[in-house]
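What follows is a single structure, written as structure tokens, with notes after it.
Nothing fancy with the numbering, it's 1 onward along the sequence. All values reported here derive from a predicted model rather than from experimental measurement.
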Amino acid sequence: MFTELNTEYNFGEEDSFANKTFLLAPGIFMSYFPSDKSTVLGFVQHAQRFGDFTQDYTALGFGGKYQLTDLLNLEVLYSKFIRGNDTGLGQSFNIGLRALF
């Protein structure tokens, strides 16, 4: 299990909806390692935006990672946005290739 806290500040244009906003996004991740090259994970994340524009959402998800080589990892994630204010609910599918230097 591990946790994270992402933060973000948006400067933006004067007419931007997210101008002068601060985002806090904590998350909790549970990982299982079926082999030395693979990881299966589940997570819960919440995001809260403060400032000139307010927004929040909560997402649940799961995914996996596989170490293709010593340098490359393949990642696949699914997220379901289960609640939110001033945001669209739905789901996301993500696939990524990560290089470890």
Side-chain angles (χ1 to χ4, degrees):
M1 182 173 92
F2 73 91
T3 62
E4 72 175 7
L5 176 61
N6 291 325
T7 59
E8 172 185 307
Y9 183 78
N10 292 287
F11 297 95
E13 300 285 329
E14 285 299 318
D15 58 351
S16 171
F17 77 94
N19 187 37
K20 299 179 185 171
T21 62
F22 183 72
L23 179 75
L24 287 174
I28 298 173
F29 297 80
M30 297 292 290
S31 297
Y32 171 67
F33 304 98
S35 75
D36 60 344
K37 291 189 174 193
S38 60
T39 305
V40 177
L41 60 98
F43 61 88
V44 176
Q45 288 184 303
H46 178 76
Q48 185 77 47
R49 184 176 303 278
F50 305 94
D52 288 354
F53 175 75
T54 60
Q55 181 182 53
D56 66 89
Y57 65 83
T58 304
L60 299 175
F62 64 91
K65 299 179 184 183
Y66 186 77
Q67 188 171 347
L68 299 170
T69 68
D70 288 343
L71 180 69
L72 293 175
N73 284 352
L74 177 65
E75 300 181 6
V76 177
L77 292 174
Y78 168 76
S79 301
K80 175 72 173 168
F81 298 90
I82 59 170
R83 57 151 307 281
N85 291 307
D86 293 325
T87 186
L89 296 178
Q91 56 193 350
S92 69
F93 300 89
N94 302 281
I95 187 167
L97 190 62
R98 181 178 295 197
L100 305 171
F101 298 103

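- Hydrophobic clustering, with ILVMFWY side chains joined whenever heavy atoms are under 4.5 angstrom apart, groups Phe2 together with Leu77.
- How far CG of Leu74 is from CG of Leu68: 5.5 Å, rounded to the nearest 0.5 Å.
- The number of heavy atoms from other shown groups lying within 6.0 Å of CD1 (Ile28) does not exceed 12.
- In this structure a side-chain-to-backbone donor-acceptor pair under 3.5 Å is present from His46 to Tyr57.
- Here Phe33 pairs with Ser31, Thr39 under the side chain to side chain contact (heavy atoms under 4.5 Å, CB included) rule; sequence neighbours left out.
- Side chains of Thr54 and Thr21 form no contact here, defined as non-hydrogen atoms less than 4.5 Å apart.
- Applying the side-chain hydrogen bond (donor to acceptor under 3.5 Å, both in side chains) rule to Arg98 yields the partners Glu75; only residues at least two apart in sequence or on another chain are considered.
- Within the model, atoms OG1 of Thr69 and CG of Leu100 stand 8.0 Å from one another, a figure rounded to the nearest 0.5 Å.
- Nearest heavy atoms, Arg49 versus Phe53: CG-O, 3.5 Å.
- For Ser38, the side-chain hydrogen bond (donor to acceptor under 3.5 Å, both in side chains) criterion is met by Ser35, not counting sequence neighbours.
- Between Pro34 and Val40 the shortest heavy-atom distance is CG-CG2, 4.1 Å.
- Of all non-hydrogen atoms in Phe43 and Phe62, the two that sit nearest each other are CE2-N, 3.6 Å.
- No single ILVMFWY cluster, assembled from side-chain heavy atoms under 4.5 Å apart, contains both Ile95 and Phe93.
- Atom-to-atom distance recorded for Thr58:OG1 and Ile82:CD1 is 5.5 Å, nearest 0.5 angstrom.
- Shown are Glu8, Gln48, Gln55; of these, the side-chain contact (heavy atoms from CB on, under 4.5 Å) with Leu23 is made only by Glu8.
- Take Asn73 and apply the side-chain hydrogen bond (donor to acceptor under 3.5 Å, both in side chains) test, not counting sequence neighbours, and it matches no residue.
- With sequence neighbours excluded, no residue forms a side-chain hydrogen bond (donor to acceptor under 3.5 Å, both in side chains) with Tyr66.
- Of all the heavy atoms in Gln67 and Asp70, the pair that sits closest is NE2-CA, 3.7 Å.
- Ring geometry, Tyr9 versus Phe22: the interplanar angle falls from 30° to 60°, so the pair is classed tilted.
- With sequence neighbours excluded, no residue satisfies salt bridge (Lys or Arg N to Asp or Glu O under 4.0 Å) with Glu4.
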